[in-house]
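Structure record follows, encoded as C-alpha coordinates.
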Amino acid sequence: LLALDSLGVAGRTGPCAPCVALSGIASVRAVVGDSSGARIAAKRLTELRPGSPGAWVAYGTALSSNGSTDEALIAFHRGHELLGDSTLDVFSARALVRARRYDQAEALARPFLGSRSDLDARDILSTVDRERGEYRASATMLDLPEFEGLQLVRASSLAASGNIATAARVFRSRFFNPGRISAGGSKIGARTGDEARAFAWEHALEADAIWEHADT
(Lines give C-alpha, C1' and ligand atoms only; values in the text may rest on other atoms or scores of the structure.)
Protein backbone atom coordinates (compact mmCIF):
# COMPACT_ATOMS: atom_id res chain seq x y z
CA LEU A 1 0.00 0.00 0.00
CA LEU A 2 2.84 2.38 0.80
CA ALA A 3 4.45 1.67 -2.57
CA LEU A 4 1.18 2.31 -4.39
CA ASP A 5 0.62 5.58 -2.55
CA SER A 6 4.16 6.62 -3.39
CA LEU A 7 3.44 6.25 -7.10
CA GLY A 8 0.71 8.83 -6.78
CA VAL A 9 2.85 11.54 -5.20
CA ALA A 10 6.27 11.03 -6.79
CA GLY A 11 7.68 14.29 -8.09
CA ARG A 12 4.87 16.44 -6.78
CA THR A 13 4.64 18.95 -3.98
CA GLY A 14 2.08 19.32 -1.23
CA PRO A 15 0.80 16.80 1.34
CA CYS A 16 2.58 13.47 1.26
CA ALA A 17 1.18 10.76 3.53
CA PRO A 18 3.81 8.21 2.37
CA CYS A 19 6.51 10.69 3.40
CA VAL A 20 5.23 10.67 6.97
CA ALA A 21 5.01 6.88 6.88
CA LEU A 22 8.52 6.44 5.49
CA SER A 23 9.98 8.83 8.04
CA GLY A 24 8.25 6.91 10.83
CA ILE A 25 9.39 3.56 9.43
CA ALA A 26 12.97 4.80 9.27
CA SER A 27 12.82 6.03 12.87
CA VAL A 28 11.32 2.81 14.23
CA ARG A 29 13.75 0.61 12.33
CA ALA A 30 16.65 2.61 13.75
CA VAL A 31 15.28 2.24 17.29
CA VAL A 32 15.02 -1.56 16.99
CA GLY A 33 18.52 -1.82 15.55
CA ASP A 34 17.64 -2.35 11.90
CA SER A 35 20.01 0.34 10.63
CA SER A 36 20.04 -1.05 7.09
CA GLY A 37 16.24 -1.01 6.94
CA ALA A 38 16.19 2.53 8.33
CA ARG A 39 18.59 3.67 5.64
CA ILE A 40 16.50 2.06 2.88
CA ALA A 41 13.27 3.68 4.06
CA ALA A 42 14.87 7.10 4.44
CA LYS A 43 16.57 6.83 1.05
CA ARG A 44 13.18 6.11 -0.51
CA LEU A 45 11.90 9.26 1.15
CA THR A 46 14.59 11.37 -0.51
CA GLU A 47 13.67 9.82 -3.85
CA LEU A 48 10.02 10.64 -3.28
CA ARG A 49 10.67 14.19 -2.07
CA PRO A 50 14.16 15.24 -3.20
CA GLY A 51 13.34 18.89 -2.55
CA SER A 52 12.30 18.37 1.06
CA PRO A 53 14.82 19.34 3.78
CA GLY A 54 13.05 16.96 6.17
CA ALA A 55 13.65 14.03 3.84
CA TRP A 56 17.38 14.67 3.90
CA VAL A 57 17.34 15.05 7.69
CA ALA A 58 15.66 11.64 7.98
CA TYR A 59 18.19 10.12 5.60
CA GLY A 60 21.13 11.73 7.39
CA THR A 61 19.84 10.51 10.75
CA ALA A 62 19.51 6.96 9.41
CA LEU A 63 23.04 7.08 7.99
CA SER A 64 24.37 8.42 11.28
CA SER A 65 22.73 5.63 13.26
CA ASN A 66 24.44 3.20 10.88
CA GLY A 67 27.84 4.70 11.59
CA SER A 68 28.13 6.32 8.15
CA THR A 69 28.96 9.72 9.58
CA ASP A 70 30.54 11.37 6.55
CA GLU A 71 27.64 10.30 4.33
CA ALA A 72 25.23 11.61 6.97
CA LEU A 73 26.96 14.99 6.97
CA ILE A 74 26.54 15.19 3.19
CA ALA A 75 22.81 14.45 3.55
CA PHE A 76 22.40 17.08 6.28
CA HIS A 77 24.28 19.58 4.12
CA ARG A 78 21.85 18.90 1.27
CA GLY A 79 18.96 19.63 3.62
CA HIS A 80 20.80 22.74 4.78
CA GLU A 81 21.04 23.98 1.18
CA LEU A 82 17.35 23.36 0.54
CA LEU A 83 16.28 25.06 3.76
CA GLY A 84 18.45 28.07 3.13
CA ASP A 85 19.78 28.54 6.66
CA SER A 86 22.07 26.83 9.14
CA THR A 87 19.55 25.37 11.60
CA LEU A 88 20.21 21.83 10.38
CA ASP A 89 23.78 22.07 11.66
CA VAL A 90 22.46 20.80 15.00
CA PHE A 91 21.74 17.46 13.30
CA SER A 92 25.27 17.39 11.94
CA ALA A 93 26.59 18.14 15.41
CA ARG A 94 24.64 15.22 16.89
CA ALA A 95 26.03 12.92 14.21
CA LEU A 96 29.53 14.07 15.11
CA VAL A 97 28.87 13.34 18.80
CA ARG A 98 27.80 9.80 17.88
CA ALA A 99 31.05 9.42 15.96
CA ARG A 100 33.03 10.73 18.97
CA ARG A 101 34.27 13.69 16.95
CA TYR A 102 33.72 16.02 19.87
CA ASP A 103 35.79 19.02 18.80
CA GLN A 104 33.92 19.24 15.50
CA ALA A 105 30.56 18.81 17.23
CA GLU A 106 31.36 21.58 19.70
CA ALA A 107 32.46 23.93 16.92
CA LEU A 108 29.15 23.43 15.09
CA ALA A 109 26.90 23.67 18.16
CA ARG A 110 28.43 26.57 20.07
CA PRO A 111 27.30 29.32 17.63
CA PHE A 112 23.67 28.33 18.32
CA LEU A 113 23.85 29.38 21.98
CA GLY A 114 21.33 32.16 22.52
CA SER A 115 19.53 31.43 19.25
CA ARG A 116 16.19 29.72 18.69
CA SER A 117 18.19 26.47 18.71
CA ASP A 118 19.70 27.26 22.13
CA LEU A 119 18.18 24.16 23.73
CA ASP A 120 19.66 21.88 21.06
CA ALA A 121 23.03 23.58 21.40
CA ARG A 122 23.09 23.19 25.19
CA ASP A 123 22.01 19.56 24.92
CA ILE A 124 24.83 18.82 22.48
CA LEU A 125 27.48 20.80 24.35
CA SER A 126 26.55 19.26 27.70
CA THR A 127 26.80 15.82 26.10
CA VAL A 128 30.25 16.65 24.75
CA ASP A 129 31.32 17.77 28.23
CA ARG A 130 29.98 14.55 29.74
CA GLU A 131 31.81 12.42 27.18
CA ARG A 132 35.02 14.26 28.03
CA GLY A 133 34.45 13.60 31.73
CA GLU A 134 33.80 17.29 32.44
CA TYR A 135 30.66 16.74 34.52
CA ARG A 136 30.65 20.06 36.35
CA ALA A 137 30.77 21.94 33.03
CA SER A 138 28.01 19.72 31.66
CA ALA A 139 25.76 20.52 34.61
CA THR A 140 26.47 24.23 34.32
CA MET A 141 25.50 24.21 30.64
CA LEU A 142 22.01 22.97 31.62
CA ASP A 143 21.53 25.16 34.70
CA LEU A 144 18.55 27.05 33.29
CA PRO A 145 15.03 26.56 34.72
CA GLU A 146 13.31 26.66 31.34
CA PHE A 147 15.10 23.47 30.27
CA GLU A 148 13.03 21.18 32.49
CA GLY A 149 13.33 18.27 30.11
CA LEU A 150 17.12 18.14 30.59
CA GLN A 151 17.22 18.47 34.37
CA LEU A 152 17.62 14.73 34.89
CA VAL A 153 20.76 14.92 32.76
CA ARG A 154 21.94 17.90 34.80
CA ALA A 155 21.31 16.04 38.05
CA SER A 156 23.21 13.00 36.76
CA SER A 157 26.18 15.22 35.87
CA LEU A 158 26.06 16.90 39.28
CA ALA A 159 26.17 13.49 40.95
CA ALA A 160 29.06 12.35 38.75
CA SER A 161 30.98 15.51 39.69
CA GLY A 162 30.52 14.69 43.39
CA ASN A 163 27.87 17.30 44.13
CA ILE A 164 25.44 14.77 45.55
CA ALA A 165 23.37 17.13 47.71
CA THR A 166 22.51 19.43 44.80
CA ALA A 167 21.90 16.45 42.52
CA ALA A 168 19.38 15.04 44.99
CA ARG A 169 17.58 18.38 45.23
CA VAL A 170 17.30 18.61 41.44
CA PHE A 171 16.03 15.04 41.18
CA ARG A 172 13.33 15.75 43.78
CA SER A 173 12.27 19.24 42.72
CA ARG A 174 11.39 18.83 39.06
CA PHE A 175 8.38 17.35 37.28
CA PHE A 176 8.17 14.10 39.15
CA ASN A 177 6.43 14.48 42.47
CA PRO A 178 3.05 13.20 43.63
CA GLY A 179 1.66 16.68 44.23
CA ARG A 180 2.16 17.78 40.66
CA ILE A 181 0.90 14.52 39.24
CA SER A 182 -2.30 14.53 41.32
CA ALA A 183 -2.83 18.20 40.49
CA GLY A 184 -2.58 17.46 36.79
CA GLY A 185 0.51 19.63 36.40
CA SER A 186 2.97 17.07 35.04
CA LYS A 187 4.61 18.05 31.77
CA ILE A 188 5.64 14.50 30.97
CA GLY A 189 2.37 13.25 29.56
CA ALA A 190 -1.36 13.19 30.02
CA ARG A 191 -1.62 9.47 30.74
CA THR A 192 -1.25 8.08 34.22
CA GLY A 193 1.04 5.32 32.97
CA ASP A 194 3.44 7.83 31.45
CA GLU A 195 3.53 9.82 34.68
CA ALA A 196 4.06 6.71 36.80
CA ARG A 197 6.95 5.55 34.62
CA ALA A 198 8.55 9.00 34.70
CA PHE A 199 8.12 9.16 38.50
CA ALA A 200 9.72 5.71 38.90
CA TRP A 201 12.56 6.49 36.49
CA GLU A 202 13.48 9.69 38.34
CA HIS A 203 13.74 7.77 41.59
CA ALA A 204 15.82 5.03 39.98
CA LEU A 205 18.25 7.64 38.66
CA GLU A 206 18.43 9.35 42.03
CA ALA A 207 19.13 6.07 43.80
CA ASP A 208 21.88 5.25 41.31
CA ALA A 209 23.44 8.67 41.87
CA ILE A 210 23.44 8.67 45.68
CA TRP A 211 24.03 5.07 46.71
CA GLU A 212 27.79 5.51 47.09
CA HIS A 213 27.37 8.63 49.21
CA ALA A 214 24.26 7.97 51.27
CA ASP A 215 22.37 5.34 53.22
CA THR A 216 22.11 2.37 50.86
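Remark: Phe91 CZ is loosely packed, at most 12 non-hydrogen atoms of other residues, nucleotides or ligands lying under 6.0 Å away. The local environment of CZ in Arg136 is sparse, with at most 12 non-hydrogen atoms from other residues, nucleotides or ligands closer than 6.0 Å.
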Just do the side-chain hydrogen bond (donor to acceptor under 3.5 Å, both in side chains) check on Arg130 and Thr127 with the steps written out, would you?
CA-CA 5 Å; Arg130 283 172 63 87; Thr127 301; over 6 Å; no
Take Arg78 and Leu82 through the side chain to side chain contact (heavy atoms under 4.5 Å, CB included) test and state the conclusion after the steps.
CA-CA 6 Å; Arg78 178 58 181 151; Leu82 291 168; 3.7 Å; yes
Could you give me the CA-CA distance, side-chain angles and deciding distance for Thr140 and Asp143, then say whether side-chain hydrogen bond (donor to acceptor under 3.5 Å, both in side chains) is met?
CA-CA 5 Å; Thr140 300; Asp143 190 10; over 6 Å; no
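To the nearest 0.5 angstrom, Glu131 atom CD is 10.5 Å from Ser126 atom OG. Expressed to the nearest 0.5 Å, how far CZ of Arg94 lies from CD1 of Ile124 amounts to 4.5 Å. Separating the OH atom in Tyr135 from the CG atom in Leu158 is a distance of 12.5 Å, to the nearest 0.5 Å. To the nearest 0.5 angstrom, Ile74 atom CD1 is 11.0 Å from Thr69 atom OG1. Between the CG atom of Asp123 and the CG atom of Leu150 there is a distance of 5.0 Å, given to the nearest 0.5 Å. Atom-to-atom distance recorded for Asp120:CG and Arg122:CZ is 12.0 Å, nearest 0.5 angstrom.
Looking only at side-chain heavy atoms (C-beta outward), Phe171 and Gln151 stay at 4.5 Å or farther from each other. No side-chain heavy atom of Arg44 sits less than 4.5 Å from a side-chain heavy atom of Arg39. Side-chain atoms of Leu152 and Trp201, non-hydrogen and from C-beta on, do get closer than 4.5 Å to each other. Between Asp103 and Arg132, some side-chain heavy-atom pair lies under the 4.5 Å cut-off.
The nearest pair of heavy atoms linking Ala30 to Ser65 is CB-OG, 4.1 Å. Residues Ser138 and Ser157 come closest through the heavy atom pair OG-OG, 3.2 Å. Closest heavy-atom contact between Ala93 and Ala105: O-CB, 3.5 Å. The shortest non-hydrogen separation linking Trp56 to Ala75 is CB-O, 3.4 Å. Ala167 and Ala155 get closest at one heavy-atom pair: CB-O, 3.4 Å. Taking both residues in full, the closest heavy atoms of Ala62 and Ala42 are given as CB-CB, 4.0 Å, listed atom of the first, atom of the second, then distance.
Asp129 pairs by the salt bridge (Lys or Arg N to Asp or Glu O under 4.0 Å) definition with nothing, not counting sequence neighbours.
A continuous path of ILVMFWY side-chain contacts below 4.5 Å connects Phe112 to Leu83, so both sit in one hydrophobic cluster. Tracing side-chain contacts under 4.5 Å through hydrophobic residues (I, L, V, M, F, W, Y), one never reaches Val90 starting from Leu119; they form parts of separate clusters. Note on Val97 and Leu88: same hydrophobic cluster, where clusters join Ile, Leu, Val, Met, Phe, Trp and Tyr whose side-chain heavy atoms are under 4.5 Å apart, directly or indirectly. No continuous path of hydrophobic side-chain contacts links Ile25 to Val28 [ILVMFWY only; heavy atoms under 4.5 Å]. Leu108 is connected to Leu73 through a chain of hydrophobic side-chain contacts under 4.5 Å among Ile, Leu, Val, Met, Phe, Trp and Tyr, so both are in one cluster.
In this structure, the side chain of Thr61 engages the main chain of Val57 through a donor-acceptor pair within 3.5 Å. With hydrogens and angles disregarded, a donor-acceptor distance shorter than 3.5 Å links the side chain of Arg29 to the backbone of Gly37. Listed for the Ser27 side chain is a donor-acceptor partner under 3.5 Å among the backbone atoms of Ser23. For the pair Thr46 (side chain) and Lys43 (backbone), a donor-acceptor distance under 3.5 Å is present.
In this structure, His80 and His77 have tilted ring planes: the angle between them lies in the 30° to 60° band.
Among residues at least two apart or in separate chains, salt bridge (Lys or Arg N to Asp or Glu O under 4.0 Å) pairs with a member in residues 63-74 are Asp70-Arg101.
Side-chain contact of Asp118 with Ser115: a donor-acceptor pair under 3.5 Å is absent, judged by distance alone.
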